[in-house]
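Quick note: numbers below take in every heavy atom, side chains included, and nothing from hydrogens, waters or symmetry partners. In the text below, chain A, chain B and the rest are named by the order of the sequence lines, each starting its count at 1.
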Amino acid sequence: MIAIVDCNNFYASCERVFNPKLEGKPVVVLSNNDGCVIARSEEAKELGIKMGALAFEMEGFFNQNKVHVFSSNYTLYGSLSNRVIKVLASFVDDMEVYSIDEAFLDLSNYKTEEIVTLCIQIRSAVKNSVGIPVTIGIAPTKTLAKVANRYAKKKCREIGVYFLDSPEKIQTTLSLTEIGDVWGIGSKHNIRLSQMGVLTAADFTKLSNEWVRNHMTVVGERMLQELKGIPCIEMELEAPPKKGICSARSFGKLLSNKQDIAEALANYTHTCAVKLRLQKSCTASISVFIQTNPHRLQEKQYFNSITIPLNVATNTSNELIKYAMWGLDKIYRKGYNYKKVGVMMTHFTPESQIQGGLFDKVKRDRDNMLMKTLDSCNKAFGKDLVRFARQGYKRNWKLKQERLSPCYTTDIKQILTIKI
DNA sequence: TCTGGGGTCCTAGGACCC
DNA sequence: TCTGGGGTCCTAGGACCC
């Protein structure tokens, strides 16, 4: 059996952990630049606040209804996510960390009759030691476990655990699950299937393999099998190395000055390079893109990108920043108000298998040692201790985060203080 | 009338996820 | 003023190889 553990309204719950007066109150978390709503507590959902609702339009509503609003604090969420994973790991041998707030657990070592008790224990362990409420769905396949989890969130809020342990139960639950709520059915397939009268997951299981294969590729066919109880999606116990790494962000305000944009780009490039080094990969291709605000129809628009193939794959920040700057130089045009810049790296090879270049003049050994030193300094003394000149200090590009909560768990200066 | 056949690799675009 | 960011997988079609 497979269980999926899903943190309830994760970001909103994180904000509550060190701020218990938010318990029972409506809480929402906003996207980068405080743009729109990306997480809501149950109370916020009950008030009718929609996912993606624009913050500036909701301002009055938030005030009237005493909604607690936060800028997203990924440092805090990432840190609490790690804590949750640690607790889960203490219960099972094999698990797949699926996202910041979800993990699949392999329960094949447990007897069917032990499972519900175990999951109730897991749930209270996470709540007690981290402070995050979770919901657990259990079933023979990942897709069915997701169905069970969704059902648990709607119908078994108190226990928070739901086990699809018989074919009859599976059948009933599938008939109560809307097709659009199935893991793997996005908006396009939802529209198409609904038009055909396939309204529930149970309806979907009645379709033929051929039809599903033809219209939804092998991905759809796997989903069909999984809903019928035949596992097709393996557990990934170890995260495979990434095939692409990207860093891009909208600016807190529109920028037209090239220097400001270059500073942002240098920072994003460094971020990607650090991630590359962490997974011991080098990239042979770096792309830079730049764009104005597509929502401002009255302003003149510009989007451009450039891909730079590298003769020798690398993961050193200094070299990658140099290429990124060269790329920006090629695509930057004066006279536009820019909203976003980004960098993307693809075509990875393992650090240990780099093909040298005949005419390569870069001092790679020296650069690699420099990166090792830089990374270990930053690891020991904080992420931004050693920087490249190109990263600058002006930070005109920085995010708008007007309602940021403290990084309670990762910055000693922001730790919780208690009056005794 | 007829235009080889069997492969690989790469890219762009679409769909999906959280 | 104001609309997130970072990924994955699959397929079709073109280029290219022998």
Inset, instruction - For A:Lys253, report the nucleic acid contact type (base, sugar-phosphate, nothing); a contact means any heavy atom under 4.0 Å. - result: nothing

Inset, instruction - Please work out if A:Ala248 contacts a base, only the sugar-phosphate, or nothing of the nucleic acid, heavy-atom cut-off 4.0 Å. - result: sugar-phosphate

Legend entry - Per A:Arg249 side chain, nearest of listed nucleotides C:dG7, C:dG6, C:dT3: C:dG6

Legend entry - Nearest listed nucleotide, side chain of A:His189, among C:dT8, B:dA15, C:dC10: B:dA15

Inset, instruction - Specify the separation, in whole Å, of atom CZ of A:Phe56 and atom C1' of C:dT3. - result: 8 Å

Inset, instruction - Determine the contact category for A:Asp34: base if any of its heavy atoms lies under 4.0 Å from a base atom, sugar-phosphate if only primed atoms, P, OP1 or OP2 are that close, otherwise nothing. - result: nothing

Inset, instruction - Report yes if at least one side-chain N or O of A:Lys146 is closer than 4.0 Å to OP1 or OP2 of B:dC18; otherwise report no. - result: yes

Inset, instruction - Classify the nucleic acid contact of A:Arg192 as base, sugar-phosphate or nothing, counting any heavy atom under 4.0 Å across all strands shown. - result: nothing

Legend entry - Selected nucleotide, minimal atom distance to A:Cys246 side chain, candidates B:dA15, C:dG6, B:dC18: C:dG6

Inset, instruction - Remember a base hit wins even if backbone is also touched, and classify A:Ser250 as base, sugar-phosphate or nothing at under 4.0 Å, heavy atoms. - result: sugar-phosphate

Inset, instruction - Could you verify whether a donor N or O on one side chain and an acceptor N or O on the other, from A:Asn315 and A:Glu351, lie under 3.5 Å apart? - result: yes

Inset, instruction - Remember a base hit wins even if backbone is also touched, and classify A:Val182 as base, sugar-phosphate or nothing at under 4.0 Å, heavy atoms. - result: sugar-phosphate

Legend entry - Selected nucleotide, minimal atom distance to A:Ser247 side chain, candidates C:dG6, C:dG4, C:dT8: C:dG6

Legend entry - Nearest-angstrom distance from the residue atom CE of A:Met223 to P of C:dT8: 19 Å

Inset, instruction - Quick one: closest heavy-atom pair of A:Tyr332 and A:Asn257, and the distance? - result: OH-C, 4.2 Å

Legend entry - Earlier contact from the 5' end, DNA chain C, for A:Arg222 and A:Leu254: A:Leu254

Inset, instruction - Quickly work out the A:Phe251 CZ to C:dG4 P distance and round it to whole Å. - result: 14 Å

Inset, instruction - For atom CG of A:Asn311, decide whether the heavy atoms of other residues, nucleotides or ligands shown that lie under 6.0 angstrom number more than 12. - result: no

Inset, instruction - Indicate, with a heavy-atom threshold strictly under 4.0 Å, whether A:Glu102 touches base, sugar-phosphate, or nothing. - result: sugar-phosphate

Inset, instruction - May I ask you to verify if any side-chain N or O of A:Arg296 is less than 4.0 angstrom from the OP1 or OP2 atom of C:dC2? - result: yes

Legend entry - Atom pair distance, as rounded to whole Å: CZ in A:Phe104 and C1' in B:dC17: 11 Å

Legend entry - Check ion pair A:Asp6-A:Arg150 (N to O, under 4.0 angstrom): no

Inset, instruction - For A:Ile100, report the nucleic acid contact type (base, sugar-phosphate, nothing); a contact means any heavy atom under 4.0 Å. - result: nothing

Inset, instruction - Quick one: sort the A:Tyr302 and A:Tyr336 rings into parallel, tilted or perpendicular, breaks at 30° and 60°. - result: parallel

Legend entry - Distance-only side-chain donor-acceptor flag, A:Arg123 / A:Thr135, under 3.5 Å: no

Inset, instruction - In whole angstrom, give the distance that lies between atom OH of A:Tyr268 and atom C1' of C:dG6. - result: 14 Å

Inset, instruction - Would you indicate which nucleotide in B:dC18, C:dG4, B:dC16 comes nearest to any side-chain atom of A:Lys188? - result: B:dC16

Legend entry - Heavy-atom closest pair, residues A:Val161 and A:Ala152: C-CB, 4.4 Å

Inset, instruction - Select one nucleotide: of B:dC18, C:dT11, C:dT1, the one nearest the side-chain heavy atoms of A:Arg213. - result: C:dT11

Inset, instruction - Report which part of the nucleic acid A:Leu30 touches: base, sugar-phosphate, or nothing (heavy-atom distance under 4.0 Å, all strands). - result: nothing

Legend entry - Protein-nucleotide distance (A:Lys275, atom NZ; C:dG7, atom C1'), rounded to Å: 10 Å

Inset, instruction - State the pairing partner of C:dC18; accept Watson-Crick or G-U wobble contacts with both distances under 3.5 Å, and report none otherwise. - result: B:dG5

Inset, instruction - Grab the NE2-P distance between A:His215 and B:dA15 for me, whole Å please. - result: 13 Å

Inset, instruction - Select base, sugar-phosphate, or nothing to describe what A:His347 touches, counting heavy atoms under 4.0 Å on all strands. - result: sugar-phosphate

Legend entry - Nucleotide of C:dC9, C:dT1, B:dC16 approaching A:Lys243 most closely (side-chain heavy atoms): C:dC9

Inset, instruction - Assign A:Gly244 to base, sugar-phosphate, or nothing according to its heavy-atom contacts below 4.0 angstrom with the strands shown. - result: sugar-phosphate

Inset, instruction - Round to the nearest Å and state the distance from A:Glu236 atom CD to B:dC17 atom C1'. - result: 13 Å

Legend entry - 5'-most by nearest nucleotide on DNA chain C - A:Glu57 or A:Val218: A:Glu57

Legend entry - Any A:Lys340 side-chain nitrogen or oxygen under 4.0 Å from OP1 or OP2 of C:dG4: no

Inset, instruction - Using a heavy-atom cut-off of under 4.0 Å over every strand shown, decide if A:Tyr98 touches base, sugar-phosphate, or nothing. - result: sugar-phosphate

